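Everything on this sheet refers to the single structure shown next.
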Amino acid sequence: IVTYNSLVNGLCKLNKLQEAKELLDEISCKHLVLNEVTYSTLIDAYCNAGDINYALNLCDEMIGKGVLPNVVTYTTLMKGFCRIGKAQKALDLLVEMLKRGVDPDHVTYNTLIHGFCQQGNMEMAFELHDEMSQIHLKPTIVTYNSLIYGLCRIGRFKHAKELIVYVSQKGIELNETTYDTIISAHCNWGNLDEVHYFLDEMAKKGILPTVYTYTALMSKFCKVGQLEEAKEIWNEMLENGISPD
RNA sequence: CCCAGCCAGGUG
């Protein structure tokens, strides 16, 4: 079944859901039993395809067959709800999983926090962050990247910057996503000084933006007619030994 | 440590 799970996952990732379904029949013919990994894989695929209802049906189906949803299954469903802007529904699932005796992990919380950040509900996002600490799940850089993203989206740059300092002081390494998040946001809001400030900070830490990041920056500058800024980014990219694609 | 789940971004 492990081998089949890999195949199912491969088909799902290629959006070949129909072929994945056919593979399920083949599995049944061989008298192998779908397990929670198979179901979680399928649930993720249908959520990504925008069919959360079918995903929920699959969840009921597995329960009916005595295959219990685990932390990954629930987290996957939560991600599905968050994707369509229903973070509150995702939060309801947290209650349900606890009722069923399944413990959330750091990915579960990161998923929920990201969902609320997307909706601009930073109060709830930070509340969940506090809650995860209380139950001894350590927030990771992914957690903080989501929070920083949420703050930037609503223009709370000062708070975002303070959070970055706080994260560094906790000994958590900032990564490329952290910088990309805050740099892109400042760029969108036209805060050029901050764009350069964080590009410098990034360089100091030895983290190089990718050609993708540079292109995003140049594109935005070009769109608002800041051609000289775009040119500056271009030069900076070449100086850092990054080749245009 | 094994098959599934979490963060940002471009050439509309």
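In what follows, chains are A, B, ... by sequence order, proteins preceding strands, each numbered from 1. Not measured: the values here are computed from a predicted model.
Put simply, CD1 on A:Ile43 is 10 Å from C1' on B:A4, counting in whole angstrom units. The CG-C1' distance, from A:Asn70 to B:C6, rounds to 15 Å in whole Å. Taking atom CE on A:Met78 and atom P on B:C7, their separation rounds to 15 Å, with Å as the unit. Here B:C6 presents its P atom at 17 Å from CZ of A:Phe81, a figure rounded to the nearest Å. One can place OH of A:Tyr179 at 18 Å from P of B:A8, the figure rounded to the nearest angstrom. In this structure, A:Ile233 atom CD1 and B:G9 atom C1' are separated by 13 Å, rounded to whole Å. What separates CG of A:Asp245 from C1' of B:G9 is a distance of 13 Å, to the nearest Å. Between A:Ile148 atom CD1 and B:A8 atom C1' there is a gap of 10 Å when expressed in whole angstrom units.
Comparing the C1' positions of B:A8 and B:A4 gives a spacing of 24 Å, expressed to the nearest Å. Spacing between B:C2 and B:C6 at atom P, rounded to whole Å, works out to 16 Å. When the P atom is compared between B:G5 and B:C1, the two are found 16 Å apart, to the nearest whole Å.
Within 4.0 Å of A:Thr178, counting heavy atoms only, lies no atom of the nucleic acid at all. When heavy atoms are screened at a 4.0 angstrom cut-off, A:Thr210 is found touching base atoms of the nucleic acid. Across all strands shown, A:Thr213 has heavy atoms under 4.0 Å from base atoms, whether or not it also approaches the sugar-phosphate. At a threshold of 4.0 angstrom between heavy atoms, the contacts of A:Thr75 include nucleobase atoms, whether or not backbone atoms are also involved.
Side-chain proximity of A:Asn35 to the nucleotides B:C3, B:U11, B:G5 is greatest for B:C3. Distances were taken from every side-chain heavy atom of A:Val71 (C-beta onward) to each of B:G5, B:C6, B:C3; the shortest belongs to B:G5. Checked against B:G5, B:C7, B:G9, the side chain of A:Val107 finds its nearest nucleotide in B:G5. Nearest nucleotide to the A:Asp180 side chain, out of B:A4, B:C3, B:A8: B:A8. Closest contact between the side chain of A:Glu176 and the listed nucleotides B:G9, B:C3, B:C7 involves B:G9. Distances were taken from every side-chain heavy atom of A:Ala216 (C-beta onward) to each of B:C7, B:G10, B:G5; the shortest belongs to B:G10. Among B:G10, B:G9, B:G5, the nucleotide with an atom closest to any side-chain atom of A:Val72 is B:G5. Closest contact between the side chain of A:Asn110 and the listed nucleotides B:A4, B:U11, B:C6 involves B:C6. Closest approach to the A:Thr215 side chain among B:C7, B:G10, B:G5 is made by B:G10 (side chain taken as heavy atoms from C-beta onward). Closest approach to the A:Tyr212 side chain among B:G9, B:G5, B:C3 is made by B:G9 (side chain taken as heavy atoms from C-beta onward).
Scanning atom types as modelled, no donor and acceptor separated by under 3.5 angstrom connect the side chain of A:Thr76 and the base of B:G5. One cannot find a donor-acceptor pair under 3.5 Å joining the base of B:G10 and the side-chain atoms of A:Ser184.
Around the NZ atom of A:Lys170, the shell of radius 6.0 Å holds more than 12 heavy atoms that belong to other residues, nucleotides or ligands. In A:Lys89, the NZ atom is not crowded: 12 or fewer heavy atoms of neighbouring residues, nucleotides or ligands sit closer than 6.0 Å.
For the pair A:Met78/A:Leu112, a side-chain contact is recorded, criterion being any heavy-atom separation below 4.5 Å from C-beta on. In this structure, the side chains of A:Trp234 and A:Leu238 come closer than 4.5 Å at one or more pairs of heavy atoms. Here the side chains of A:Leu128 and A:Met132 are not in contact, with every heavy-atom distance at 4.5 Å or above. In this structure the side chain of A:Thr108 reaches within 4.5 angstrom of the side chain of A:Met97, judged on heavy atoms.
Look at A:Lys79 and you won't find any side-chain N or O under 4.0 angstrom from OP1 or OP2 of B:G5. For A:Lys13 and B:C3, the shortest distance from a side-chain N or O to OP1 or OP2 is not below 4.0 Å. Applying the 4.0 Å criterion to OP1 and OP2 of B:U11, one finds that A:Lys220 has every side-chain N and O outside that range. Taking only side-chain nitrogens and oxygens, A:His106 never comes nearer than 4.0 Å to OP1 or OP2 of B:G5.
Relative orientation of the A:Trp189 and A:Phe157 rings is perpendicular, given thresholds of 30° and 60° on the angle between their planes.
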